[in-house]
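Convention: sequence-line order gives letters A, B, ...; per-chain numbering from 1. Both backbone and side-chain heavy atoms feed into the values below; hydrogens, waters and symmetry mates do not.
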Amino acid sequence: MSRYEPAVIEAKWQQAWGEAGVFTARHDPLRPKYYVLEMFPYPSGRIHMGHVRNYTMGDVVARYKAAQGFSVLHPMGWDAFGMPAENAAMERGGHPKDWTYSNIAVMKEQMKPLGLSIDWSREFATCDPEYYGQQQAMFLDMMAAGLVYRKAAVVNWDPVDMTVLANEQVIDGRGWRSNALVERRELTQWFFKISDYSGELLAALDGLKDWPEKVRLMQANWIGQSRGLQFGFETVAAPAGFARIEVYTTRPDTLMGASFAAISPDHPLAKALEATDPVIAAFVAECRRGGTSAEVLETAEKLGMDTGVRVRHPLDAGWELPVYIANFVLMDYGTGAIFGCPAHDARDYEFATKYGLPIEAVFVGEGEADGLTEAYVPMKSEKVRYVRGFAGAEVQTGEDAVTAAIAECERRGIGQGVTNYRLRDWGISRQRYWGCPIPVVHCAVCGVVPEKKANLPIRLPDDVTFDIPGNPLDRHPTWRDVSCPKCGAAARRETDTMDTFVDSSWYFARFTAPHAVTPTDMTEAAYWMNVDQYIGGVEHAILHLLYSRFFARAMNKTGHLPVEAIEPFNALFTQGMVTHEIYKTTDEAGRPVYHLPEDIRKLAIDGNVVTVLKSRLAEIDVDPDSSDVSDEALSAITLLADLQVEVVPSAKMSKSKKNVVDPMNIIAAFGADTARWFVMSDSPPERDVEWTASGAEATYKHLSRLWTLCGRIGDMPADHKGADDDLLLRATARAVHEVTQGIEGFAFNKAIAKLYEFTNILAKADGSTPAMKLAIRTLAQLMCPMTPHIAESIWTFQGGAGLCAQAAWPKADPALLVDTTVILPIQINGKRRAEISVPKDMAASEVEKIALANEDVIKFLAGQPVKKFIVVPGRIINVVI
RNA sequence: GCGGAUGUGGCGGAAUUGGUAGACGCGCAGCGUUGAGGUCGCUGUGGGGUAACACCCGUGAAGGUUCGAGUCCUUUCAUCCGCACCA
């Protein structure tokens, strides 16, 4: 066996897999299927380490399941619509389509050398008309099924560029290009009725046993089910048409503590007042300044204005409350109007304090005085006493108080108990070019008319420019101006495109039949769905996954997915990021300056590692790349503190911090197996992994050492006896058991630690008996999911039949996994003082005798009587004195 | 503001889920190999303490439950992620 040359063997085995068609997914009714999917990439330009980690994880699962005998589907595609393509066109010229497809070509070429077990015959991009045309067909079906509607919604409006901005494009309340103050503006937009499924999407979370608990929790909180009371305030001195204001509250038990009512600046009443009152109009305009994101809205200073309108308290007609317009009341939640109880709601308390409104407690903490007013009393359900509750709810606390208050209000005819959800309908309209066109036409005669399916796909026009802001579709007469599909009159095509989340909400289903002339093929979908293991970043824990769960239900309703697939992802795994340290200095003004890894040098001085700038080394006449640094130079470096670079560990890779590691450089230097092994080895997959140059090098050294070891064994005479064969067989069985458990449990770092241990045992064994050969072949198989190329070479070299990638996963003989004797530590009063070695199944009474006869134990007992003797079989002994 | 998570040696992490804290890897140190450096091989490596043992301390902090706590409970501090038009 020659030297370890990854470039040579990796190309060779990739070709062999390709020729054997190992990764082509086959619809084989006789075999169980397994569908592994990693969240598909956005084609941003080049692949990064995060991609390598994500796809290697999926690949490990795919290869492992294939070895287990499953018919595996492991596809790849491109989430190809989105803003960056338009931004590139604006900044550099060119067309989003060209930018996107050339990025796809580059990234695909970069992914190939990783040796992933992907079935490339199923590849597609969401910007392919064949894909988005099917998406348009589903939109029409969903429209017919009543899942689509239009309504007004607020957007970020840039008044200078005259365009809609994404939240990301609003920086400190200003447009990212124009720097103009952003306003909130209403636009008529398309919505999917995801709220029809609020209850179901919540209830079904319980069935997702193989999803991370935290993701289910986040989704549940996002859907935000609450039980409350909806009731109407009767108004006094309100404009015509506003005799009542509907309010929703989750705390009807605090109604007696009401001190004001507040409506959203977007509430119809606010709009009516705005039209006639310039002071209110100015205030509402003030509220509409700034972006639309929840973070901005909820951290903004609380602003309110008394409208002059009054409402009657529902429990006491003589009690009038002022109605404020308040910027923290959201039109999207509840009814867009609230009642304020400052004593028991922190936000209301802040508001009441600011505007001098009364604060009166409904309940007090146990033992506190009844006269507690003007203070905020947090809800502690166990320890409250009602002092101003209303009849029927006096004795209740906590949730019971809410339930009792709702019942009492219903009895009195004041309002109704309502189950409310925080989840809003999904607004999908985007005023942008590079997205899936919404297939409808606006006709002056017929109104909104769906396109005919025969006319699909509605293709994006190619002849567009991005020299001025806004949506080029809006100013493209030959594309925009059409005749009505229904009556033939002159009409206007919808120029909004769909949110790119729509594209990614069903791609997993399309992979099961990527070339079908309908969105899906029900036979294929029935075989391949669901995705058995889905893997991706935790940043998608809420939106993408919730939208996909909704879409699967909508697809079922419109006949595009079987009912078994309404929860499309059986198991979910959320992986962490790849981070890298940052090298930072500060300039004269104290601003941080970042340095590239190749511009710094790490030196070992007196057992410490000192990081210095190469350029500064040159200044003191030290050759920055020479390995030979004199002791004088080293001590000079220690003295020069300003020469040293601050190392900030574990930062997200970003160009501005200059800590991006390009996977292609790693593959060129060490090969794909090293890159794959390293990203799987150090950290648990759900956590961030820090890329270190030394770690990657160590991985390469390990693989080289293994290569040499296999070569050495191959050169030995057959049956050269090294270590005990029995020991080898046991070690092999244990490795199979532990690595299998590691992969099954998504603990790849532990699986790799076990592989290191196993390799260390083999390196010491130094023989070439059949037991050794079996051990090495097994090692190759266990490594194959992680490092498939070197595994193939070792497998072949050690006489494995066929391709390692197609060999059946090894099984451990259970008899070889049990140890006959066990070492029991002995604690005395909880401190470990001695240990004994006993047969595994020895009776506790026997163990006690041996333990008490142990000389260390006798020494520590020092003749004191034993109060208690605890034996945990096979684990530990504790003697209490 | 709301929601979710994470804190263990110099570093990444392990700990059979309440039972020997620090597996495995990196780094560092010593020895060997080498003309030298790197490579490679062997050994050591939580802190204090000792000639070496012994012994003491130790899982962000402070309390608690237990024969026994990294793991369970209470309080607290720090850091990271998401928030509906980034994907």
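- Contact check, A/Thr500 against B/A87: a side-chain N or O comes under 4.0 Å of OP1 or OP2.
- Close to B/C26, at under 4.0 Å from its OP1 or OP2, lies no side-chain N or O of A/Ser694.
- The base of B/C83 lies outside donor-acceptor range of the side chain of A/Glu539, with no N or O pair under 3.5 Å.
- For B/U74, the base adopts the anti conformation, since its glycosidic angle falls more than 90 degrees from zero.
- In summary, A/Lys151 and A/Glu186 do not engage in a salt bridge, as defined by a charged side-chain N under 4.0 Å from a carboxylate O.
- Judged by closest nucleotide on RNA chain B, A/Gly695 is the one of A/Arg424 and A/Gly695 placed further toward the 5' end.
- To the nearest 0.5 Å, atom CD1 of residue A/Ile828 and atom CD of residue A/Gln864 are 10.0 Å apart.
- In this structure, A/Trp426 atom CH2 and B/C83 atom P are separated by 15 Å, rounded to whole Å.
- Scanning atom types as modelled, one donor and one acceptor separated by under 3.5 angstrom connect the side chain of A/Arg432 and the base of B/C85.
- In this entry the distance linking CG of A/Asp499 with C1' of B/A87 reads 10 Å, nearest Å.
- The distance from atom CZ of A/Arg832 to atom P of B/A21 is 7 Å, rounded to the nearest whole Å.
- In this structure, A/Arg150 forms a cation-pi arrangement with A/Trp190, its terminal cationic atom sitting closer than 6.0 Å to the ring centre and no more than 45° off the ring axis.
- In this structure, A/Glu38 places its CD atom 17 Å from C1' of B/A87, rounding to the nearest Å.
- Applying the 4.0 Å criterion to OP1 and OP2 of B/C83, one finds that A/Asn167 has every side-chain N and O outside that range.
- The side chain of A/Arg687 places an N or O atom within less than 4.0 Å of a non-bridging phosphate oxygen (OP1 or OP2) of B/G7.
- Contact between the side-chain N/O atoms of A/Lys701 and the OP1/OP2 oxygens of B/U39 is found at a separation under 4.0 Å.
- In this structure, B/G9 is classed as syn because its glycosidic torsion stays within 90° of zero.
- Contact annotation: A/Asn760 side-chain N/O to B/G25 OP1/OP2 distance is under 4.0 Å.
- With distances taken from any side-chain atom of A/Gln827 to the nucleotides B/G19, B/C85, B/C26, the minimum falls on B/G19.
- Within the 4.0 Å cut-off from OP1 or OP2 of B/U6, not a single side-chain nitrogen or oxygen of A/Lys214 is found.
- One can find a donor-acceptor pair under 3.5 Å joining the base of B/U16 and the side-chain atoms of A/Arg875.
- Sparse packing is recorded around NZ of A/Lys193, with 12 or fewer heavy atoms of other residues, nucleotides or ligands lying under 6.0 Å away.
- Between A/Lys868 and B/C67, a side-chain N or O to OP1/OP2 separation shorter than 4.0 Å is present.
- Geometric assessment of A/Arg3 against the ring of A/Trp707 yields a negative cation-pi assignment under the 6.0 Å and 45° thresholds.
- For B/C57, the OP1/OP2 oxygens have a side-chain nitrogen or oxygen of A/Lys831 closer than 4.0 Å.
- Aromatic ring centres of A/Phe678 and A/Phe670 lie farther apart than the 6.0 Å criterion allows.
- Between A/Asn749 and B/C24 there is no side-chain N or O to OP1 or OP2 distance below 4.0 Å.
- Taking 4.0 angstrom as the limit, A/Arg430 places a side-chain polar atom (N or O) nearer than this to OP1 or OP2 of B/C85.
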